[in-house]
Amino acid sequence: MRKDLFGALLQCEPLFVNKEVMRPAYTPDFLPHRDAQTDQLASILVAALRGDTPSNVFIYGKTGTGKTAVARYVGKELIKKGEDLDRRVHFIYINCEVIDTQYRVLQNIANHFVKEWKDRVPFTGWPTDEVYAKLKTNIDAEGGVTVIILDEVDKLKGDEVLYNLSRINSDLVRAKVSIIGISNDLKFTEFLDPRVRSSLGEEAMIFPPYDADQLKDILYQRAEEALKPDVVSEGVIPLCAALAAQEHGDARRALDLLRVAAELAEREGSPGVDESFVRMAQNKIEIDRITEVVRTLPTQSKLVLLATLLGEEHSDGGGLTTGEVYDIYKDLCKASGVDILTQRRITDLVSELDMLGIITARVISKGRYGRTREIQMSTPIDSTKVVLQEDELVAGVMGVKPRKQLRLI
DNA sequence: AATCCACTGGAAAATACGGGCC
DNA sequence: GGCCCGTATTTTCCAGTGGATT
């Protein structure tokens, strides 16, 4: 019987002062290398402080380029200034990945202005147009200018909300609304209704990825706030920055690396973070990602993945062709009693897995012997296997040996 | 230069799924 | 429970395709 389970763990010297600072949700007060974007957005939104309607803005940029941080920061400052000047300025942030239906978006905005519980719009039960009407009366009763940020707009199901929100101003008497859409998909607007596109895209901003030096600055700044002084060795931050810069300059990625590295160091009771922990962190993040992706894969895709995995294990290196994977897949299906999908469909599943980065599939031509894809695992076989094992059905056929096909090559 | 393999990937048709309604 | 309708997935069909081989 261990008496002091947590005691020993608490004895370890913590490396963090404030872990929150390293989390993706944190909005810092200072955004290095984003002055231009901050200024631009602010210059669009000042209109709100003068009581005018600011233009709607569309913000593009890859993940981890500071879109959300800049928008939230400018919003925070806007409210602050609004209070100083005694102007009614509201700022609503909605992440459309979490709140992804028309009803819930409207409900959220409507409830932002409600103080009493009894006046709130319920989660369900109201017709959507009634929520919209309620939203309008609420906003109008409050007056002033409301800035609504829709983060990850591309995740929104259907574009009705966007259409409704973009023309809400014409239905309002006292209040004004402006919308900021944030997306990491540059082609997102192409699929939108032209009317929505033109009204939403009055102003467009593009956030370029950070380069390694800029990432370094960001990391130094955050590390200073989040970690105890002098716990990070010299090369650690440049290494994190360099690794993240390879992955299209994603700041979130860089911060994750540093945070996980520090967490690992802390857990091991190490007095500081050195480069080996960064390597470990990179490994851990990669495995966590694969685990997450593989776990949520549909059964058929798991079988295709397993087929590739087994094929690779039993072949003498080199890539497998689509035909070979399909043969193994068919055996697996028979062994587990799952319907066999057509080869055409498997082609698509293979490209899906390729997109997710679990396998690599490239089209090659074997000349006379046809054109096919060369399929390879791009993840460590063992850890992938462990995750696949979690699925009972898949685990059942794990031991199936791929029949050696008589193929003359 | 012509052939021809073993697929790819587009398109249409068929089927399955889900939610609203009576 | 049954019906309808719109959407999503899967199958069927088929016209390419790159390049080693002839």
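Note on naming: letters A, B, ... go to the chains in the order of the sequence lines (proteins, then strands), and numbering restarts at 1 for each one.
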Residues 206-215 of chain A vs salt bridge (charged side-chain N to carboxylate O under 4.0 Å, His left out), sequence neighbours excluded, gives A:Asp213-A:Lys216
Nucleotides bounding contact with chain A, strand DNA chain C, heavy-atom threshold 4.0 Å:
C:dT10 to C:dT22
Near A:Glu286 CD, under 6.0 Å, is it more than 12 heavy atoms from other residues, nucleotides or ligands?
yes
Between protein and nucleic acid, restricted to nucleotides 18-20 of chain B and to nitrogen or oxygen atoms under 3.5 Å apart, what atom pairs and distances do you find?
none

B:dC5 P sits how many Å from A:Glu324 CD, rounded?
18 Å
Angle between ring planes, A:Tyr326 versus A:Tyr329, binned at 30° and 60°: parallel, tilted or perpendicular?
parallel
Report the distance from atom CG of A:Leu341 to atom C1' of B:dA16, rounded to the nearest whole Å.
13 Å
Test item: A:Glu202 side-chain N/O and A:Pro54 main-chain N/O as donor-acceptor pair under 3.5 Å
no
Residues 63-74 of chain A side chain polar contacts: donor-acceptor under 3.5 Å, at least two apart:
residue: A:Thr65; atom: OG1; partner: A:Lys62; partner atom: O; Å: 2.6
residue: A:Lys67; atom: NZ; partner: A:Gly61; partner atom: O; Å: 2.9
residue: A:Lys67; atom: NZ; partner: A:Lys62; partner atom: O; Å: 2.8
residue: A:Thr68; atom: OG1; partner: A:Asp151; partner atom: OD2; Å: 2.9

Of all of residues 345-365 of chain A, which get a heavy atom below 4.0 angstrom from DNA chain C, listed by number?
A:Arg345, A:Ser365
For a quick check, tell me whether the side chain of A:Arg344 and the base of B:dG10 share a donor-acceptor pair closer than 3.5 Å.
yes
Under 6.0 Å from the NZ atom of A:Lys228, do we count more than 12 heavy atoms belonging to anything else shown?
yes
Nucleotide nearest A:Tyr369 when distance is taken to its side chain, options B:dA6, B:dG9, B:dC7
B:dA6
A:Glu352/A:Met355 under side chain to side chain contact (heavy atoms under 4.5 Å, CB included): CA gap, chis, key distance, verdict:
CA-CA 5 Å; A:Glu352 250 172 60; A:Met355 294 277 221; 5.5 Å; no
Assert: residue with more 5' nearest nucleotide on DNA chain B, out of A:Arg373 and A:Gly370, is A:Gly370
Expected list for residues 172-184 of chain A: side-chain donor-acceptor pairs under 3.5 angstrom, two or more places apart:
residue: A:Arg174; atom: NH1; partner: A:Asp140; partner atom: O; Å: 3.0
residue: A:Arg174; atom: NH1; partner: A:Ala141; partner atom: O; Å: 3.1
residue: A:Lys176; atom: NZ; partner: A:Gly51; partner atom: O; Å: 3.4
residue: A:Ser183; atom: OG; partner: A:Asp185; partner atom: N; Å: 2.9
residue: A:Ser183; atom: OG; partner: A:Asp185; partner atom: O; Å: 3.2

More than 12 heavy atoms from other groups under 6.0 Å of CZ on A:Arg289:
yes
Separation of B:dC5 P from A:Arg368 CZ (nearest whole Å):
6 Å
Using the rule side chain to side chain donor-acceptor pair (under 3.5 Å), only one of A:Arg259, A:Arg252, A:Arg253 pairs with A:Asp256; which is it?
A:Arg259
Yes or no on ring pair (Phe, Tyr, Trp, His ring centres under 6.0 Å) for A:Tyr93 and A:Phe91, after CA distance, side-chain angles and deciding distance?
CA-CA 7 Å; A:Tyr93 173 86; A:Phe91 180 78; 7.5 Å; no
